[in-house]
There are 2 protein chains.
Amino acid sequence: MARPRAAETRKRTRIQQEKEDRILDAALDVFSAHGFRGSTIDQIAKAAGMSKPNLLYYFRTKEAIHRLLIGRLLDTWLDPLREMNAGGDPLSEICSYIRRKLEMARDYPREGRLFTNEILRGAPHIQEEMSDLKSLVDEKAKIMRGWMKDGRLARCDPHHLIFSIWATTQHYADFDVQVRAILGPARSGEGRFEDAARYLEKLFLDGLKP
Amino acid sequence: MARPRAAETRKRTRIQQEKEDRILDAALDVFSAHGFRGSTIDQIAKAAGMSKPNLLYYFRTKEAIHRLLIGRLLDTWLDPLREMNAGGDPLSEICSYIRRKLEMARDYPREGRLFTNEILRGAPHIQEEMSDLKSLVDEKAKIMRGWMKDGRLARCDPHHLIFSIWATTQHYADFDVQVRAILGPARSGEGRFEDAARYLEKLFLDGLKP
DNA sequence: TGTAATCTTTACCAATTGATCAAAATTTTC
DNA sequence: GAAAATTTTGATCAATTGGTAAAGATTACA
């Protein structure tokens with residue numbers, strides 16, 4: 001190889017491990033705040049505490065960083081939905097799904113915004129993942145329809161039910177500044193997530209009771 | 001004025017009227033799809049069917065276009081909430097609010113995405129409007145609390161109730177590609193908004209019944 | 001119809017930005 | 001401790017992009 005780059009050679013060194021992690025964390029900060037095109041390599045490099053050429057030694061292109069982040073994200077983003085199983089009690093399955101999604105919005109807001117950014121742009125980098133997503137959602141929708149048939153869940157469109165859970169929970173990551181502006185400083189502590197959880201649980205429980 | 005620019009002189013001509021409208025429409029297309037920094041003047045000019053310098057004859061800067069769009073947007077975006085009045089029946093007031101917001105997501109998805117873009121970036125251009133927003137929401141929250149006290153609406157946190165309506169309706173504009181991908185081509189017609197309306201109405205009605 | 005105002009185009013500039021290269025500095029390995 | 005491998009830096013490039021200048025084309029109006 002003419003000009004060796006990190007990770008193109010034998011195995012990852014200690015420095016590679018460290019620096020790559022720092023870069024990805026910095027990039028998550030910057031991408032989630034400014035979007036892909038709104039972010040510059042310089043910004044990311046600065047946030048990671050290194051020079052631009054140095055960063056480019058670890059990742060060939062800006063897109064390579066973005067791709068890796070998006071890929072990682074999708075891997076874990078759907079875990080809560082996967083965990084919903086037909087065997088459990090419908091309403092408590094849905095409640096814990098809501099709780100888990102809300103926890104993700106609280107604990108990983110950057111990832112959430114990165115995802116929303118990508119979707120807002122028309123999901124250009126995750127076309128195939130979209131069809132995997134459809135399969136998963138269809139599968140879970142089928143389970144829900146089973147619950148409805150058994151009279152254990154209110155009859156409704158399961159796809160839109162899932163959308164509404166995504167929307168209400170993701171809102172607390174994507175619209176964070178708006179939520180804080182409206183709740184005011186006094187209620188903008190971490191407690192707002194507990195208030196949200198309480199409210200959403202009530203809404204969906206009573207709204208979906210058979 | 002050394003180099004006169006459109007609208008800096010006496011009154012708007014026919015051509016100014018036409019071209020400015022075309023530019024704003026094109027800019028809404030481009031900004032809502034790519035975000036502010038992701039959009040170029042060239043792109044907007046091309047979409048508006050004119051050259052870049054020609055466009056810049058009508059708007060001094062890219063930011064001027066964006067500012068105008070954002071300003072216009074906020075003017076109308078909150079109208080549905082303003083219309084919610086204490087005199088009506090609580091549940092039907094909330095239902096028509098949901099319906100109106102859903103109609104906006106259907107009829108003005110570009111505006112919706114423009115707004116989400118702005119909030120995602122931390123709302124840098126609409127700081128003051130945010131406090132106006134807070135006043136409006138607080139006022140409506142007060143009305144809702146009155147309804148709850150009278151036993152005409154289920155007790156819950158009215159701020160989070162409003163958030164949940166925003167989130168579930170806006171979702172159909174912002175996450176449109178995802179919604180379409182999951183519903184599949186057969187159910188991605190305009191009918192999806194009616195399905196959504198039916199579902200949301202049921203959810204909120206049963207979820208908020210006293 | 002002629003003239004003043006408005007509009008459009010061509011050519012251009014300076015700053016930013018993604019990316020490269022080769023050499024210097026550092027770390028790892030034997 | 002020296003050689004080899006890896007990491008860092010500084011200089012630089014080409015493309016993109018926001019914006020300007022000035023001359024030419026068109027339109028409105030008396």
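Lettering of chains follows the sequences in order, A, B, ..., and the numbering in each one begins at 1. Everything quoted here is computed from the prediction, not taken from an experiment.
Remark: A:N54 is not in phosphate contact with D:dT7, judged by side-chain N or O atoms under 4.0 Å from OP1 or OP2. In this structure, B:Q16 reaches the C:dC7 phosphate: one of its side-chain N or O atoms is under 4.0 Å from OP1 or OP2.
Atom CZ of B:F59 and atom P of D:dG18 are 16 Å apart (whole Å). In this structure, the CD atom of B:Q17 is 16 Å from the C1' atom of C:dT6, given to the nearest Å. Summarising the geometry, the separation between CZ on B:R60 and C1' on D:dT20 is reported as 12 Å, rounded to the nearest angstrom. Between B:I65 atom CD1 and D:dG18 atom C1' there is a gap of 11 Å when expressed in whole angstrom units.
Recorded end-axis angle for the helix from C:dT1-D:dA30 to C:dC30-D:dG1 stands at 20°, based on five pairs per end and rounded to 10 degrees.
With sequence neighbours excluded, the residues that form a ring pair (Phe, Tyr, Trp, His ring centres under 6.0 Å) with B:H160 are A:Y172, B:F163. Under the rule for a ring pair (Phe, Tyr, Trp, His ring centres under 6.0 Å), the partners of A:H66 that lie at least two apart in sequence or sit in another chain are A:F31, A:F36, A:H125. Scored by the side-chain hydrogen bond (donor to acceptor under 3.5 Å, both in side chains) test, A:E103 finds no partners at all (sequence neighbours excluded). Among residues two or more places apart in sequence or in another chain, the side-chain hydrogen bond (donor to acceptor under 3.5 Å, both in side chains) test is passed with A:Y97 by A:W166. With sequence neighbours excluded, the residues forming a salt bridge (charged side-chain N to carboxylate O under 4.0 Å, His left out) with A:K202 are A:D206, listed by chain and number. The side-chain hydrogen bond (donor to acceptor under 3.5 Å, both in side chains) test applied to A:Q17 returns A:R12, not counting sequence neighbours. Scanning for side-chain hydrogen bond (donor to acceptor under 3.5 Å, both in side chains) contacts around A:R110 gives A:D25, A:D29, with sequence neighbours left out.
Picking from C:dT9, D:dG18, C:dG18 the nucleotide with the shortest atom distance to the side chain of B:K62 gives D:dG18. Of the candidate nucleotides D:dG19, C:dT20, D:dT8, D:dG19 has the atom lying nearest to any side-chain atom of B:L56. Taking every side-chain heavy atom of A:Y57 into account, D:dT8 is the closest of D:dT8, C:dA19, C:dT8. When distances are taken from the side chain of B:Y58 to each of D:dT8, C:dT8, D:dG19, the shortest belongs to C:dT8.
Residues of residues 31-53 of chain A having a heavy atom closer than 4.0 Å to DNA chain C, listed by number: A:S39, A:T40, A:I41, A:K52, A:P53.
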Check nucleotides 25-28 of chain C for protein N or O atoms closer than 3.5 Å to its own N or O atoms and list the pairs.
unit_1 : atom_1 : unit_2 : atom_2 : d
C:dT28 : OP1    : A:R14  : NE     : 3.2
C:dT28 : OP1    : A:R14  : NH2    : 2.8

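Rounding to the nearest 0.5 Å gives a distance of 7.5 Å between CD1 of B:I98 and CG of B:L205.
Sorted by first then second residue, the salt bridge (Lys or Arg N to Asp or Glu O under 4.0 Å) pairs that include residues 157-170 of chain A, not counting sequence neighbours, are A:D157-B:R187. Contacts classified as side chain to side chain donor-acceptor pair (under 3.5 Å) and involving residues 74-84 of chain A (residues at least two apart or in different chains) are given here: A:D79-A:R82, A:E83-A:R100.
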Take A:D176 and A:R180 through the salt bridge (Lys or Arg N to Asp or Glu O under 4.0 Å) test and state the conclusion after the steps. CA-CA 6 Å; A:D176 185 55; A:R180 286 164 176 274; 2.8 Å; yes
